[in-house]
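As structure tokens, the structure follows; a few thoughts come after it.
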There are 2 protein chains.
Amino acid sequence: MNAGVDGQGAKGRGGRSTIVDVADRAGVSKSTVSLVLSGSSLVAEATRERVTEAMSELGYIYHRGAATLRGARSGVIGMVINDLSNPFFVEMAIGIEQACQVGEYIPFIANSVENPARQLQVVRSMREHGAAGLVLSPAIGTSVAELKPLLSGMPVVQVMRRLPGLKTSIVAPENKDGARRATAQLIASGHGRVAFVGGFQSMVVRQDRFAGYRLALDEAEIAFDESLVFETMTNYAGGAAVVPQLLSHHAPATAALCFNDVVAIGLIRALGAAGVAVGSDFGVIGFDDIEEAQHTLPALSSVAVNGRALGTKAVQLLMRQLASGDFEPETILCPTTLVIRASCGTAASATAKSEARSEE
Amino acid sequence: MNAGVDGQGAKGRGGRSTIVDVADRAGVSKSTVSLVLSGSSLVAEATRERVTEAMSELGYIYHRGAATLRGARSGVIGMVINDLSNPFFVEMAIGIEQACQVGEYIPFIANSVENPARQLQVVRSMREHGAAGLVLSPAIGTSVAELKPLLSGMPVVQVMRRLPGLKTSIVAPENKDGARRATAQLIASGHGRVAFVGGFQSMVVRQDRFAGYRLALDEAEIAFDESLVFETMTNYAGGAAVVPQLLSHHAPATAALCFNDVVAIGLIRALGAAGVAVGSDFGVIGFDDIEEAQHTLPALSSVAVNGRALGTKAVQLLMRQLASGDFEPETILCPTTLVIRASCGTAASATAKSEARSEE
DNA sequence: GCGAATTTTTGGAACGATCCAAATTGGGTG
DNA sequence: CACCCAATTTGGATCGTTCCAAAAATTCGC
């Protein structure tokens, strides 16, 4: 039925073999091969076998690009992460990747490095490549006006962070509640002056965590003291940088809730270096519960966010929307767990709780 | 020239707008638009502007899938990493991603989780999606026979690891030389009995590092002692697990070269817990120099591999091959740097060296 | 053994880009 | 003004798939 002067099909031409080559080999039409590919029940069992065999003989490889041209799903999801050198976001990326695999999707990855311009580029590039949807952990300083047109008509899930003006689905931890519980824990351990360390006011996530901190203070009827709030970079150095001010305060804090674990670890090390015994003299709780939190000395108490689960949930939501065709924004808040270890002072309860968690 | 009854072009139909819609709007033919897209110098400046404007008015998005059908480069590179929960490989992934960006490529990512079956799946999937090349850090236990046919006709760079029977380009650190220098350093500090800890004999990378260890012993005319070699998992637990045997040895080692930093850190912690003062009683050197190495107590000396550079070099090699069309395998070995910190005993020199490095 | 009903199979005509050969335009020149 | 040459522009065929309407093969009832 098809030209095919040489018995080899397209193979002689150098490229990959096509559906037509397979058809020739199996002695059927390309339409039948297409039906086999799509797993249709229309095709007779014997024919299906003949076609399948021809495929493996020719080393046929499906050309998804051609298929998408006719409207088939591309099977590609874009994943734009703001900072892959932060272990928390790596965990999230792993969760995303994992969930994509089970859903037969394949993820494009891009690291925006907190650079909005680059983020714009990569999102555009992902669209060009036919990504069906996007999981986005937006870079700080993103211009919604520039980004929005690139996202039209495609389901997007913002994960962990969210941009104020951008109406998409959101998967995020219960930051406020987590921070509230952590702060309450410090207060319950007898700390009357609890500092809040790390991040900047412009960060939405910090606003949430800070709100939880305030709430816990209110609930304990402790007056909020502005001078116990420290804005810093959200890395080791940021945590360490706070120590001099923290210690020279006229009425020093005896505990701190940190914006994230990296800040908390920086703080712990610098406090240790300054001769403050974290865990007894001073209580510290971090946020995220990255793996390293278990290995610091003293081990770091933290509000566990489970980045992997967050990533997984984001992809699952995205896949659900892709399957249904209904891209109506949806918000999923993931509960957090307060993991008590030695750093917050009640060393006694540390072992038990931490063991329990590792069973998960 | 084209149907287009409604002024809106394809927009009314729901989908994205096409090259023909742009052509209609700009009052030219689709061929001209195609020329503009490819940046051809044939098209007159005024026309180019008109077309560009029409594109942005319509929110036109280039459909790469359609283009590849006619033979255009796909602009996609696959990146298959064996274990993303290992910070070293994350560094490598970051390097790969970064290099792809500058080369206008976009990387598919897959985490094989050291699972050969999954690796097979994802490689197949990447081919289907038209990946032009592959950066592969192969999973342990990969069957070359199964993998090879999936790779035919496509340039592949194995990075960090290499599969014995698979002839592709390779980018790897100078493992043997690094291990030799590290071992020599321990010997020079007066350690006569140096253990080798971590990994399994089947791992090619370990074979290389082990060879370097043996070489240093030979050069120092120290007899090799089989009982000082410990095979373990390459994670924290693996490092820790070795300690009982290490300490109960009839003639215990006083230093250890570890397969990688994660093993070394596990070892240091467990030794610390057992009351051995690492840095004075016992010398430890790791491999990779992950960020955490700077933060352990004592800080970990390590053979720095620079995973990021490794990833970058791999992609650059791949892009070079893609550009030239010459897929002849090539091997690039990257030199390592021995970074001395407190863990190997010569605490005096630690500060200076480590400062110097952080300037990079 | 024949038409009807059912099950399988099959030719195109798309999809959105590229690319080539051919057509059109616009100057110069003699 | 006719002609040539260079600079631009343009139809149409093509890439590898899907999908539809219709054809072909098979089974069935009587």
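Just so it is clear, the structure is predicted and the values come from calculations on it, not from any experiment. Throughout, a chain's letter reflects where its sequence line sits, starting with A, and its residues are numbered from 1.
- When distances are taken from the side chain of A/L35 to each of D/dT9, D/dT17, C/dT9, the shortest belongs to C/dT9.
- Annotation: side chain of B/V33 is not in contact with side chain of B/Y60 (no heavy-atom distance under 4.5 Å).
- Across all their heavy atoms, B/I109 and B/M126 have their closest contact at C-CE, 4.1 Å.
- For A/R48 and C/dT7, the CZ to C1' distance is 14 Å, given to the nearest whole Å.
- Counting to the nearest Å, the C1' atom of D/dT8 and the CD atom of B/E45 are 13 Å from each other.
- In the set C/dT9, D/dT9, D/dT17, the nucleotide with an atom closest to the side chain of A/V43 is C/dT9.
- Of the side-chain N and O atoms in B/S31, none sit less than 4.0 angstrom from OP1 or OP2 of D/dT9.
- In this structure, CD1 in A/I81 is found 10.5 Å from CD in A/Q119, a value given to the nearest 0.5 Å.
- When all heavy atoms are compared, the tightest approach of B/P116 to B/I140 is CG-O, 3.6 Å.
- Annotation: the terminal axes of the helix from C/dG1-D/dC30 to C/dG30-D/dC1 meet at 50°, where each axis is the rotation carrying the C1' atoms of four end pairs onto the next four (5 pairs per end, rounded to 10°).
- Inter-residue side-chain proximity for A/R320 and A/Q316 is flagged as unmet; no heavy-atom pair is nearer than 4.5 Å.
- No side-chain heavy atom of A/R127 sits less than 4.5 Å from a side-chain heavy atom of A/R124.
- Residue B/T47 is classed as a sugar-phosphate contact, given heavy-atom separations below 4.0 Å to backbone atoms only.
- If you take CG of B/D24 and P of C/dA17, they are 13 Å apart, rounded to a whole angstrom.
- Distances shown here put every side-chain N or O of B/T32 at or beyond 4.0 Å from the OP1 or OP2 atom of D/dT9.
- Residue A/A72 is out of contact with every strand shown, counting any heavy-atom pair closer than 4.0 Å.
- For the contact set between residues 62-70 of chain B and DNA chain C, defined by any heavy atom under 4.0 Å, the members are B/Y62, B/H63, B/A66, B/A67, B/L69, B/R70.
- When rounded to the nearest whole Å, the span between CG of B/L42 and P of D/dT10 equals 13 Å.
- Taking only side-chain nitrogens and oxygens, B/S29 comes nearer than 4.0 Å to OP1 or OP2 of D/dT10.
- Shortest non-hydrogen contact noted between A/V123 and A/L151 is CG1-CD2, 3.8 Å.
- Looking at A/V113 and B/Q98, their side chains never come closer than 4.5 Å, going by heavy atoms from C-beta outward.
- One can place NZ of A/K30 at 16 Å from C1' of C/dT8, the figure rounded to the nearest angstrom.
- Computed from coordinates, the B/I19 CD1 to D/dT9 C1' distance equals 14 Å when rounded to whole Å.
- For the pair B/I61 CD1 and C/dA17 C1', the computed distance is 15 Å after rounding to whole Å.
- For the pair B/H63/B/T18, no side-chain contact is recorded, criterion being any heavy-atom separation below 4.5 Å from C-beta on.
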Just list the side-chain donor-acceptor pairs under 3.5 Å for residues 66-79 of chain A, sequence neighbours left out, or say none.
unit_1, atom_1, unit_2, atom_2, d
A/T68, OG1, A/G65, O, 2.7
A/S74, OG, A/V76, N, 3.2
A/S74, OG, A/G130, O, 2.6

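- Atom CG of B/D21 and atom P of C/dA17 are 9 Å apart (whole Å).
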